Amino acid sequence: MPESDDLFVREDPIFTNKELLEISHLPDEGRIVGRDEEISHLANAVNPAIFGQSPSNVLIYGKTGTGKSLCAKYISRRLVETAEEEDINAVFAYVDCAQDTTETQAVQTIASSVNTEETDIYIPDKGISTATYYKRLWRLLNEEYDVALIILDEIDKLEDDAILMQLSRAGEAGKVTDCKIGVMGISNKIKYKDRMDERVKSSLCEREFVFPPYNASQLNKIMTARSDAFRKGVLQDAVIPRAAALAAREHGDARKAIDILRYAGEIAQTRGTETVREEFVVQARERAEIDRFRELIRGSTPHSRYVLQALTVLSLDQQREDGGVENSGFRTTRIYDVYEQICRQEGTDALSLRRVRDLLKEHAFLDILEQTRHSGGSAEGSYTEHTLLEDPEVVKNVLEDTVE
DNA sequence: AGTCCACTGGAACGAGGGGATT
DNA sequence: AATCCCCTCGTTCCAGTGGACT
């Protein structure tokens, strides 16, 4: 047995508490930086709930990584605690609408997260009608709670307004009599409100808040607050300011900033260096970018990838021809032709043009590509052009090594 | 003011799959 | 076992759409 058997590291030389750098990690009070005003406004809006009265319905806007979900969850948790002290039985449910896009899935999530073991109500994962989920949810609320706060994150990903309608009408329609319901909608698209049904809009948007992006110094504080994820003295002084500056330039996304910090640490780990160096930050950002993209297309069907591949091939060709000067999009039909070729190579039948249009739209929804309508005028018809938003090389690499 | 055209996107439909209820 | 219910993925059909050009 050799003395320095370094196959496994017994003690992590870089991290002490890596959990602090997970996105899902909910910091304690005092660790939420630069959102004091937002938090107090939010608290104010839901305050009546503490006395068992109806909280205001709120809509929160803001780009990704501006602390919307974080603050909403934090407020809800505190609300439930405070209400308890007043002998009010409050509860909150968190729905990630990107995950639960249909009405049924969303009600199911609400009902099952509000449910406890003590009740005799059973909420199955699937198999029952939407109406049944509602019935059970109403019963749960009536029997168990005085106030319920429902957080709908990424509310713009919801297919329709049906659930909003139901939630806002539940009281009026006499479905829920013994429980007050408050809805907290979170969206990163300002224009979301325009697509909403007029009736839903008026009841749901009693209060609106906009979360601005973090600036470099706030990002700096956010990362500093979590820097005890690292062993003492491991982080070089310039790392956090550098990462903050980088992330601030890219829309002030705190999630990205923290990702960069984590990756920088991981780079130090794999390299076996004693400290996290400033130059790791740039590489970390690149890695974060690739990972984010991989996450986006993970789970997409083969044809969805072929379509993306077709666009990538076209983009790369164009770059090669003019050195990346031109950055115009490609017509759907043009992409479809390349897509058909790819299908032939892969030995599968191509999907219909109609279906491919939808697949492209899905990618546009994930901000992988951008669609713009054009009209060629007389005898040219109108058409859509698609432009890849990611670096084609990155896309190509990710597509190639996720063949599995 | 109307024409023209390639493309768009809504609608209706159905196969196949998973699960609950009675 | 029969009957409901919902979801995903895909199809075909077809009434618009937009704007340069007559």
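No experiment lies behind these values; they were computed from the predicted model shown. So that the names make sense, note that chain A is the first sequence line, chain B the second, and so on, each numbered from 1.
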Could you give all pairs that pass the side-chain hydrogen bond (donor to acceptor under 3.5 Å, both in side chains) test and reach residues 102-117 of chain A, with sequence neighbours left out?
-> A:Asp100-A:Thr109, A:Thr102-A:Gln105, A:Glu103-A:Tyr134, A:Thr104-A:Thr130, A:Asn115-A:Thr119
Do you see a donor-acceptor pair shorter than 3.5 Å between the side chains of A:Thr301 and A:Ser304?
-> no
Do the side-chain N and O atoms of A:Arg373 and A:Ser382 include a donor-acceptor pair separated by under 3.5 angstrom?
-> yes
Aromatic A:Phe280 / basic A:Arg242 pairing, under 6.0 angstrom, 45° off normal = no
A:Tyr383 six-ring face occupied by A:Arg331 cation (under 6.0 Å, within 45°) = yes
What is the distance from CD of A:Gln108 to C1' of B:dA20, rounded to the nearest Å?
-> 13 Å
Just how far, in rounded Å, is P of B:dT8 from CD of A:Gln371?
-> 9 Å
End-to-end axis angle, where each axis spans five pairs of the helix from B:dA1-C:dT22 to B:dT22-C:dA1, to 10° | 40°
The correct set of residues in residues 116-137 of chain A placing a heavy atom under 4.0 Å from DNA chain B is A:Tyr122, A:Pro124, A:Lys126, A:Gly127, A:Ile128, A:Arg136
Close residues, residues 330-356 of chain A, relative to DNA chain B [heavy-atom separation under 4.0 Å] = A:Arg331, A:Thr332, A:Thr333, A:Arg354
For nucleotides 3-5 of chain B, print each protein N/O atom paired with a nucleotide N/O atom at under 3.5 Å, atom names and distance only.
from  : atom 1 : to       : atom 2 : distance (Å)
B:dC5 : O2     : A:Gly381 : N      : 3.2

Compute the centroid of each ring, for A:His386 and then for A:Phe330, and state whether the two points are separated by less than 6.0 Å.
-> no
Taking the six-membered ring for Trp, are the ring centroids of A:Tyr61 and A:Phe209 within less than 6.0 Å of each other?
-> no
Pick from A:Asn44, A:Ile60, A:Leu42: which one makes a side chain to side chain contact (heavy atoms under 4.5 Å, CB included) with A:Arg207?
-> A:Asn44
Please work out whether the ring planes of A:His303 and A:Tyr306 are parallel, tilted or perpendicular, with thresholds of 30° and 60°.
-> perpendicular
Footprint ends on DNA chain C, 5' to 3', for atoms under 4.0 angstrom from a heavy atom of chain A, come out as C:dC5 to C:dC21
